[in-house]
Amino acid sequence: MSVTCIADGWAHRVPDIELTSEMSQSDGYYQAVCGHRVAAASMVEPDGRPCPLCTEMCRTTRS
């Protein structure tokens with residue numbers, strides 16, 4: 001899932017399992033595939049620009 005970080009404005013790729021884990025729910029931060037610790041912006045706003053590192057990492061894991 002794409003989650004925009006309030007700190008950097010990038011839309012990071014966050015695995016579904018990360019969004020549902022108890023630890024993430026308790027502190028409000030999520031671990032993106034690029035390693036960035038995402039502080040989620042409002043989920044009703046449009047996504048920010050895609051994180052280039054997340055995009056590349058997702059591209060290489062699918063190949």
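Counting from 1, the numbers follow the sequence of the chain as shown. Hydrogens, waters and symmetry mates are skipped; everything else that's a heavy atom, side chains included, is used.
Across C5 and H36, no two heavy atoms sit closer than the pair SG-NE2, 3.4 Å. Among all heavy-atom pairs drawn from V38 and A32, the shortest one is CG2-CB, 3.9 Å. Considering all non-hydrogen atoms of both residues, H12 and C34 come closest at ND1-SG, 3.5 Å. The heavy-atom pair separating R13 from C54 by the smallest distance is N-SG, 3.4 Å.
A continuous path of Ile, Leu, Val, Met, Phe, Trp and Tyr side chains, each step under 4.5 Å between heavy atoms, connects M43 with V14, placing both in one hydrophobic cluster.
Between T55 and P52 the shortest side-chain heavy-atom distance does not fall below 4.5 Å.
No donor-acceptor distance shorter than 3.5 angstrom exists from the side chain of S2 to the backbone of A11, with no hydrogens or angles considered. Remark: the backbone N or O of T60 is not paired with any side-chain donor or acceptor of E56 at under 3.5 angstrom. The backbone N or O of Y30 sits nowhere less than 3.5 Å from a side-chain atom of E18 that would complete a donor-acceptor pair.
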Start with the C-alpha distance between L19 and M1, add both sets of side-chain angles, then the distance that settles side chain to side chain contact (heavy atoms under 4.5 Å, CB included), and finish with yes or no.
-> CA-CA 9 Å; L19 292 169; M1 171 177 229; 3.3 Å; yes
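Taking OG from S42 and CD1 from I6, the interatomic distance works out to 8.5 Å, rounded to the nearest 0.5 Å.
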